[in-house]
Peer 1: 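One structure is given below, represented as structure tokens, and several questions about it will come after.
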There are 2 protein chains.
Amino acid sequence: MNKSVGIKDVAAAAGVSVTTVSHVLNDVSYARVGAETRERVHDAAQRLGYGPNRMAQALRTQRSGMIGFISEEIATTPHAGRIILGAEETARARGYNIMIINSAITGSQDSRESDVADLLDRQVDGILYATMYHRRLAVPKNLAGVPAVLVDSEDTSQTVCSVIPDEVRGARSAVQTLIDAGHSRIGMITNTDDVPATHSRLRAFKEALADAGLVFDGNLVQTEPSEVPGGYAAASRLLDRPDRPTAVFCYNDRMAMGAYRAAAELGLRIPQDVSFVGFDNQQLIAENLYPALTTVALPHYEMGAWAATQLIDAIEGKTDLGSLVARPTILDCPLVVRDSVAPPPG
Amino acid sequence: MNKSVGIKDVAAAAGVSVTTVSHVLNDVSYARVGAETRERVHDAAQRLGYGPNRMAQALRTQRSGMIGFISEEIATTPHAGRIILGAEETARARGYNIMIINSAITGSQDSRESDVADLLDRQVDGILYATMYHRRLAVPKNLAGVPAVLVDSEDTSQTVCSVIPDEVRGARSAVQTLIDAGHSRIGMITNTDDVPATHSRLRAFKEALADAGLVFDGNLVQTEPSEVPGGYAAASRLLDRPDRPTAVFCYNDRMAMGAYRAAAELGLRIPQDVSFVGFDNQQLIAENLYPALTTVALPHYEMGAWAATQLIDAIEGKTDLGSLVARPTILDCPLVVRDSVAPPPG
DNA sequence: GGACGTGGGAGACCAATGAACAAGTCAGTG
DNA sequence: CACTGACTTGTTCATTGGTCTCCCACGTCC
């Protein structure tokens with residue numbers, strides 16, 4: 001239990017004042033310290049294993065080097081982890097640390113505000129607010145005036161800068177890869193949630209067909225809850241008929257997993273008889289289905305990294321978040337090609 | 001950008017000294033403050049939305065109320081999220097916040113030490129060190145003397161307290177559920193990794209058989225890498241013969257997922273023709289396979305919560321971690337019953 | 001009028017930073 | 001040769017926002 005060494009200990013060891021130690025170690029421009037003294041200070045600091053007390057430093061400089069990270073339901077989705085990782089690695093590379101708070105998605109507006117207040121009391125320099133899935137939300141009032149960026153969601157009041165995935169381009173590239181493989185009867189399994197992703201992906205589906213000169217057939221779009229059983233049900237309806245589509249774009253990988261089972265039960269081989277494309281790139285599913293699922297990746301790591309970069313730039317006065325609030329920044333969703341797409345049969 | 005309110009502002013608003021404000025708000029036992037004054041202080045604090053500056057507080061009291069959380073590969077496994085959640089919720093309920101650092105599993109011992117040093121410079125009151133999967137590791141040297149607990153791993157030097165899952169009991173209950181269903185020819189799909197879980201689960205398998213008076217048949221144990229393709233390969237060998245087992249215990253849910261496919265290809269119905277039990281309770285897989293997989297849950301949330309509780313108790317002097325270092329604390333792995341187990345055919 | 005109780009404030013302290021200042025050296029200068 | 005000014009090399013001290021120990025003023029009671 002060696003009580004931690006302070007700047008005083010270093011000063012004593014080097015035979016100089018604490019100020020000199022501070023000046024040397026921070027390498028301040030106005031420091032007037034001789035080379036030999038500098039070396040003594042560095043030696044002493046090294047020997048004692050000195051690291052500055054970041055709280056005292058923060059108190060004095062009014063900058064904590066901490067970023068608050070509010071995450072809705074940290075655990076329930078592996079995605080959240082990627083966002084955190086992107087933010088953490090970026091922040092750390094720039095000398096910042098992340099203080100994390102879990103916020104229940106069911107929490108009241110009051111509880112959200114107290115999450116923010118907690119972080120503010122901790123003197124964080126800025127706040128990253130990440131939601132579990134892409135949606136629009138009303139940010140806590142006390143977030144105003146604090147450098148902040150929203151990850152994977154949009155602010156209804158348009159006062160906070162945000163970054164979201166490019167659902168439309170992602171979905172279009174998913175459908176396009178089907179078209180490119182030669183398919184002309186393409187179905188879609190969509191879902192019942194009223195979230196931006198639902199609308200964007202469906203819209204992109206229609207646009208991609210139109211651009212390719214294909215007619216949109218409402219019968220080829222089946223709607224179910226966005227989980228595995230829903231995917232199974234929707235795919236069963238879609239595939240169990242003579243004029244079935246030769247390819248299906250699934251709202252997400254979970255629904256695709258259900259669709260795989262539907263295909264198997266109907267004796268349809270993937271991708272020889274029917275091709276599938278998913279969305280989300282949930283590794284556990286997409287990589288492990290047989291055949292592995294071609295899908296679209298959500299840029300979680302990238303959103304976390306982008307958000308941290310912007311936030312820190314703003315904190316350090318390099319940029320102004322204000323110019324970014326008008327509309328969300330959208331990041332590309334790359335297609336991840338695996339083995340579930342082939343040309344149509346015959 | 002309303003500059004945040006300090007204790008001085010509250011004091012001015014209430015017409016008292018900062019000392020009095022501090023005394024009232026902290027409700028200190030030795031405070032000698034009249035009821036009416038107390039009310040004025042509370043009112044003023046409320047009105048101004050005052051929250052104490054936790055850094056200044058920490059500096060003075062030598063207690064930051066922050067816990068450092070080092071997580072190996074935050075993102076790669078959904079499990080890590082559960083540990084963080086357990087720790088975060090527990091910590092917050094007791095007034096602590098979590099500062100998170102991601103540590104690459106491939107990182108050097110030096111980089112691990114600098115992770116710890118980072119946290120120590122931040123004046124965290126204690127450190128939680130969580131690994132990606134249960135294993136033995138050499139803790140960073142500078143962790144000595146700091147309240148700390150290891151989550152999901154054991155310290156080779158036995159100087160740090162740790163909490164791990166009860167692999168043996170968990171695996172035994174998995175095998176037992178098969179025995180209870182009436183199976184006597186039970187196979188196991190195990191893996192090639194040299195980690196405690198591999199050995200414990202295999203040992204438990206043998207013990208459970210022995211206790212039930214069943215003979216262990218080495219041919220019914222197949223070894224492969226612990227991923228989906230490995231499970232497929234192992235299960236194919238196990239199931240593609242006349243004297244196949246009627247039930248299989250899989251090392252983990254991913255291997256079980258592969259085993260499901262092997263069974264399907266052989267025309268075996270689950271659970272009518274062959275029963276399966278997994279391990280890990282990876283929701284995405286276990287819940288969504290068809291039929292849903294009966295498996296054993298790793299107590300990630302509970303380990304995180306237990307670790308945070310012990311750590312905070314130690315920080316607050318309520319308990320001594322020293323008494324816990326001798327051997328890891330083991331937490332129960334509950335069986336999660338779903339639909340993949342039935343009596344043997346015939 | 002001294003002891004005691006009550007209500008509240010002054011000021012040191014935590015570990016750093018940074019503006020202002022001081023001591024010593026040396027060259028240039030009248 | 002003494003004085004000045006510039007430069008070098010550090011140091012002093014206030015400051016950050018709280019906490020906590022000790023002290024003080026004012027009444028009251030015996």
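Remember, predicted model here, so these are calculated numbers, not experimental data.
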Peer 1: Any side-chain N or O of Thr20(B) under 4.0 Å from OP1/OP2 of dG9(C)?
Peer 2: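 Looking at the OP1 and OP2 atoms of dG9(C), one of them is under 4.0 Å from a side-chain N or O of Thr20(B).
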
Peer 1: Starting from C1' on dT16(D), measure out to CG on Asp121(A) and report it in whole angstrom.
Peer 2: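 Whole-Å distance recorded here is 16 Å.
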
Peer 1: dG8(C) C1' sits how many Å from Arg38(B) CZ, rounded?
Peer 2: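 Atom-to-atom, Arg38(B) to dG8(C), this comes out as 12 Å.
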
Peer 1: Whether Tyr30(B) contacts dG7(C) is assessed here as follows: a side-chain N or O lying under 4.0 Å from the phosphate OP1 or OP2. Is that the case?
Peer 2: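 Result: no.
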
Peer 1: Taking CZ from Arg63(A) and P from dT15(D), how many angstroms apart are they, rounded to a whole number?
Peer 2: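 From Arg63(A) CZ to dT15(D) P: 22 Å.
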
Peer 1: I'd like to know if Arg60(B) reaches the base of dT19(D) with its side chain, counting only an N/O donor and acceptor under 3.5 Å.
Peer 2: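 Present.
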
Peer 1: For a quick check under 3.5 Å, do Asp118(B) and Ser114(B) share a side-chain donor-acceptor pair by atom type?
Peer 2: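 The answer is no; no qualifying pair exists.
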
Peer 1: For Ala31(A) and Ala56(B), take the nucleotide of DNA chain D holding the closest heavy atom to each; which residue's nucleotide lies nearer the 5' end?
Peer 2: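 Final value for this comparison: Ala31(A).
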
Peer 1: To the nearest Å, give me how far apart CG (Asn53(B)) and C1' (dG17(D)) are.
Peer 2: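 Those two atoms, CG and C1', are 6 Å apart.
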
Peer 1: Is any side-chain nitrogen or oxygen of Asn26(B) closer than 4.0 Å to OP1 or OP2 of dT19(D)?
Peer 2: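 So the side-chain polar atoms of Asn26(B) do come within 4.0 Å of the phosphate oxygens OP1 or OP2 of dT19(D), strictly under.
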
Peer 1: Under 4.0 Å between a side-chain N or O of Gln62(B) and OP1 or OP2 of dA15(C)?
Peer 2: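 For dA15(C), OP1/OP2 do have a side-chain N/O of Gln62(B) under 4.0 Å.
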
Peer 1: Any chance the side chains of Asp152(B) and Thr131(B) put a donor and an acceptor closer than 3.5 Å?
Peer 2: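 Per modelled atom types, Asp152(B) and Thr131(B) side chains form no pair under 3.5 Å.
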
Peer 1: Can you measure Asp9(A) atom CG to dA15(C) atom P for me and round it to whole angstrom units?
Peer 2: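 The answer, rounded to whole Å, is 9 Å.
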
Peer 1: Given atom CG of Leu59(B) and atom P of dA12(C), what is their separation to the nearest angstrom?
Peer 2: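 Rounding to the nearest Å, CG of Leu59(B) and P of dA12(C) are 17 Å apart.
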
Peer 1: Can you tell whether the side chains of Glu316(A) and Arg94(A) come within less than 4.0 Å, N to carboxylate O?
Peer 2: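 Counted as a salt bridge, because a side-chain N and a carboxylate O are separated by less than 4.0 Å.
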
Peer 1: Assess the side chains of Ser17(B) and Thr20(B): does a donor N or O sit below 3.5 Å from an acceptor N or O?
Peer 2: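 Yes, a side-chain donor-acceptor pair sits under 3.5 Å.
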
Peer 1: Between Thr19(A) and Ser17(B), which is nearer to the 5' end of DNA chain C once each is assigned its nearest nucleotide?
Peer 2: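 In this pair, the answer is Ser17(B).
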
Peer 1: Side chains of Glu89(B) and Tyr301(B) only: does a donor on one sit below 3.5 Å from an acceptor on the other?
Peer 2: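 Result is yes, a qualifying pair exists.
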
Peer 1: Specify the separation, in whole Å, of atom CG of Leu25(B) and atom P of dT19(D).
Peer 2: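 Value for this atom pair: 8 Å.
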
Peer 1: Taking the nucleotide of DNA chain C with the closest heavy atom to each, which residue, Arg32(A) or Val18(A), is nearer the 5' end?
Peer 2: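 With Arg32(A) and Val18(A) compared, the 5'-side residue is Val18(A).
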
Peer 1: Separation of His23(A) atom NE2 from dC13(D) atom P, in whole Å?
Peer 2: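 My rounded result for the distance is 15 Å.
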
